[in-house]
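The structure appears below as structure tokens.
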Amino acid sequence: MLNIVLFGPPGAGKGTQSEKLIAKYGIIHLSTGDIFRANIKGGTELGNLAKSFMDQGKLVPDEVTINMLNAEVEKYESPKGFIFDGFPRTAAQASALDVLLQSKDTEISHMLALEVPEDELRQRLLLRGKDSGRPDDINPEIIQKRIDVYNSKTELVKVYYEKQGKYKGINGVGEIETIFELLCQAIDTNLVMK
Ligand code: AMP
């Protein structure tokens with residue numbers, strides 16, 4: 001399987017690049033943010049719980065997020081692989097993902113981190129909020145909170161994958177197509193598939 005963690009702060013372009021990667025590699029896109037938003041739309045219990053954290057720019061608790069992600073992965077019978085977008089965001093989530101994949105006799109192939117300066121992130125998120133109507137993209141204070149949460153809790157996840165020799169930083173500023181090529185090069189070089 002080809003299992004990619006597409007990593008980066010909010011607004012780094014993970015969703016856009018995931019769409020292109022799934023088309024090229026035929027793997028499944030699992031975005032925890034998208035799954036939470038679908039649950040909010042559907043008015044589920046999980047959605048109501050997630051919303052109370054998302055509206056404040058906070059992370060949904062690990063236990064809730066990990067259980068949801070595990071259940072999503074279990075839905076697919078013989079997948080070619082997955083792109084994990086917006087997950088893991090904490091070290092606990094990263095180690096839970098390793099345990100889950102080990103139970104399927106596979107592992108993360110690459111952790112690709114899109115790097116974008118904070119000023120650019122703030123501009124991109126405000127712009128996205130105008131079109132997407134995502135409540136957490138409209139309010140500058142919530143945007144800043146999400147960037148702060150990324151810096152304080154999520155960035156450390158890089159170290160987790162660095163220790164495994166799987167982390168690669170990718171310049172996330174520039175043309176979508178150029179960034180996509182950089183991602184594909186990283187995937188196609190040192191392709192570790194299990
Ligand atoms: P995203 O669409 O990835 O920007 O996520 C939107 C929001 O969903 C985040 O600000 C969090 O509140 C929540 N969320 C998404 N993924 C996770 C995760 N892996 N762990 C905790 N909260 C998450």
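Each ligand, and each atom within it, is numbered from 1 in the order the structure gives. The residues of the chain are indexed from 1 along the displayed sequence.
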**Study point:** Contacts of type salt bridge (charged side-chain N to carboxylate O under 4.0 Å, His left out), residue K20, not counting sequence neighbours
**Key:** E177
Practice item. Non-hydrogen atoms closer than 4.0 Å to ligand 1: which protein residues do they belong to? List them by chain and number, please. Key: T32, G33, F36, R37, M54, K58, L59, V60, T65, G86, F87, R89, Q93, R134, D136, R146
Point to revise | Pairing residues for F87 by the ring-ring contact (aromatic ring centres under 6.0 Å, His included) criterion, not counting sequence neighbours | key: none
Review point. Less than 4.0 Å between a side-chain N and a carboxylate O, is that true for D119 and R122?
Key: yes
Exercise for review: Without swapping roles, check the side chain of R134 against the backbone of G129 for a donor-acceptor pair under 3.5 Å.
Suggested key: no
Review point. Apart from L126 itself, what residues make up its hydrophobic cluster when side-chain heavy atoms of I, L, V, M, F, W and Y under 4.5 Å apart count as a link, directly or indirectly?
Key: V116, L121, L125, I143, I147, V173
Exercise for review: In plain terms, say whether R146 and E141 are close enough for a salt bridge, that is, a side-chain N and a carboxylate O under 4.0 Å apart.
Suggested key: no
